Structures are given as C-alpha cells and as structure tokens.
Amino acid sequence: MRGLQTPLARDCEVTMIPSGERVVVPAGTEVRVLQTLGGNVTVQGDYGQLMRIDEKDVEVLGEDYLKQNAKPAEEQPQSGEFDPESVWAQLRTVYDPEIPVNIVELGLVYECKSTPLPEGGHKVEIQMTVTAPGCGMGPVLVDDVRRKVGDLPGVKEADVQLVWDPPWDQSRMSDVARLELGWM
C-alpha cells in the first residue's frame, strides 16, 4: 500500500528519521506511506519529513490500510526450545526505516552468537551497526532487535550492542541487498 496518502486517525507518537527523536503527531495530519516492512511503517509528512510509526500503532493509518496490509499469523516454533536459525530469521524482520532492505542483508549485523545458560535457555549476543555513525535510528533498531530476538522461544536474554568498528560500508551488503536497491 505504498504511496497511500491518509490522515492519521488519532494523535500518534512517532520516531523522526533520521534523528530518532520521539514526537507526537496530531490526528488529521496527512502522511504518505513509503515503506511497510518489518511491521513498522515509514511515512512522509506534508513537508517531506520522514517518520516511523511503530507496529503497535499502525491502526492510526485507518481501516483501508489495515485491510490491505493484514498480516498472516506469525509462525513461531511451538516448543520452548531454542533454535539459532530463528534468531537469524527474526533479524531479517528488522528493517532500516529509510532503506527497504533488512539489517542482515545490509550487512549491519557483525556478530550473532548464543550461549546456553546454566539455569536453562540461551543468551544471545549481537553486535550490529548502522549505515552512518550520526544516525539517530541506531538505538531504535537496537531496541527492535532486542525485542524481536528476546521474544523467541528459549531466549532468556538478548544482549544487543551498537558498535562502530569496523565502520560500515557498502561492501558489507549482500547481493540480495544490491539487487533490491538496483545496484547490480
């Protein structure tokens, strides 16, 4: 439903892109949907400003949006057993709000390891970065990763660190990302 111009149905707290600042946008404000990946929605306001509406608030875009973007029931493992592949699958559901490619394909995840805990379950440690050091969306993406990985069966702790070394560059992108962005 990209390109939909719609008024917000109620006041909504959004994240400004790229600053990461949280602000309340009043009901009736016209926005245009730009990206609907990973559950969150990137919209553009009347003056060109980019904003991210969190997944929990997407109903603010109205019934037409909800009908056309109905999410199928998520498939989660039924047992409480830890599956390392499910961690990578969750990481692939986190998107940079300005780039329509997930953080794995962008090459933003530098390390992902899991350790069994003595009391049961696993600790997952992730080191990731963002495309530009001054990007205020880094902490927002870290929170997304921590929440999504922490909700997986068998994960008792998700430690997500934002790192700057080595600096990210386009060579870290996968061929999938390059193809998606038209760089191949």
Side-chain angles (χ1 to χ4, degrees), residues 2 14-15 17-18 20 22 34-43 50-58 69-117 120-184:
R2 197 166 176 212
V14 302
T15 304
I17 302 168
R22 299 288 289 175
L34 300 178
Q35 178 172 295
T36 60
L37 301 168
N40 302 307
V41 179
T42 300
V43 298
L50 297 181
M51 302 170 271
R52 184 181 100 155
I53 297 175
D54 292 339
E55 183 174 15
K56 66 180 179 52
D57 292 318
V58 296
N69 289 280
K71 286 177 50 174
E74 291 186 33
E75 293 182 24
Q76 292 282 344
Q78 297 301 314
S79 71
E81 292 183 26
F82 176 75
D83 176 12
E85 285 305 311
S86 67
V87 174
W88 285 101
Q90 282 297 80
L91 291 173
R92 285 183 177 90
T93 69
V94 178
Y95 286 81
D96 182 302
E98 295 177 279
I99 306 170
V101 177
N102 71 62
I103 63 171
V104 173
E105 300 302 335
L106 279 174
L108 299 180
V109 179
Y110 286 176
E111 182 177 283
C112 179
K113 65 181 183 178
S114 63
T115 308
L117 295 171
H122 285 75
K123 176 180 182 177
V124 176
E125 296 173 275
I126 297 168
Q127 288 188 352
M128 63 176 287
T129 195
V130 291
T131 57
C135 179
M137 294 304 291
V140 175
L141 293 175
V142 165
D143 287 344
D144 285 351
V145 169
R146 186 177 294 118
R147 179 181 46 80
K148 288 185 175 199
V149 170
D151 286 347
L152 289 170
V155 174
K156 299 295 182 202
E157 185 179 338
D159 180 17
V160 184
Q161 300 296 317
L162 194 59
V163 298
W164 307 110
D165 190 36
W168 180 89
D169 63 56
Q170 294 176 4
S171 70
R172 297 183 176 278
M173 293 171 42
S174 71
D175 287 344
V176 169
R178 292 175 197 287
L179 187 62
E180 180 70 31
L181 295 173
W183 294 357
M184 284 187 85

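Atoms considered below: every heavy atom in the structure, side chains included; atoms not considered: hydrogens, waters and symmetry mates. Keep in mind it's a predicted model, so treat the numbers as computed, not measured.
A distance of 6.5 Å separates CD in Glu157 from CG in Leu117, rounded to the nearest 0.5 Å. Rounding to the nearest 0.5 angstrom, the gap separating the OG atom in Ser114 from the NZ atom in Lys156 is 14.0 Å. Atom CD1 of Ile126 sits about 10.0 Å away from atom CD of Glu111, to the nearest 0.5 Å. Distance CG/Leu108 to OH/Tyr95: 13.0 Å, rounded to 0.5 Å.
Between the side chain of Asn102 and the backbone N or O of Val104, at least one donor-acceptor pair lies under 3.5 Å. The backbone N or O of Glu105 lies less than 3.5 Å from no partner atom in the side chain of Arg92, so there is not a single donor-acceptor pair. Without hydrogens or angle criteria, Asn40 side chain to Glu55 main chain gives a donor-acceptor distance under 3.5 Å. Under a 3.5 Å cut-off, the side chain of Lys148 and the backbone N or O of Thr93 do form a donor-acceptor pair.
Residues Pro97 and Thr42 share a closest heavy-atom pair of O-OG1, 2.8 Å. Nearest heavy-atom pair across Val124 and Cys112 is CG1-SG, 4.2 Å. Across every non-hydrogen atom of Leu152 and Ser86, the tightest pair is CD1-O, 3.6 Å. Here the closest non-hydrogen pair linking Leu106 and Trp168 is O-NE1, 2.8 Å. Between Val101 and Ala177 the shortest heavy-atom distance is CG1-CB, 3.6 Å.
With a 4.5 Å cut-off on side-chain heavy atoms, Pro100 and Leu181 count as touching. Looking at Pro116 and Phe82, their side chains never come closer than 4.5 Å, going by heavy atoms from C-beta outward. Within the 4.5 Å cutoff, the side chain of Asp96 has no heavy atoms near those of the Met137 side chain.
Residue pairs meeting the side-chain hydrogen bond (donor to acceptor under 3.5 Å, both in side chains) criterion with at least one member in residues 122-145, sequence neighbours excluded, are Arg52-Asp144, Asp143-Arg146. Within the structure, the salt bridge (Lys or Arg N to Asp or Glu O under 4.0 Å) test picks out no pair touching residues 164-176 (sequence neighbours left out).
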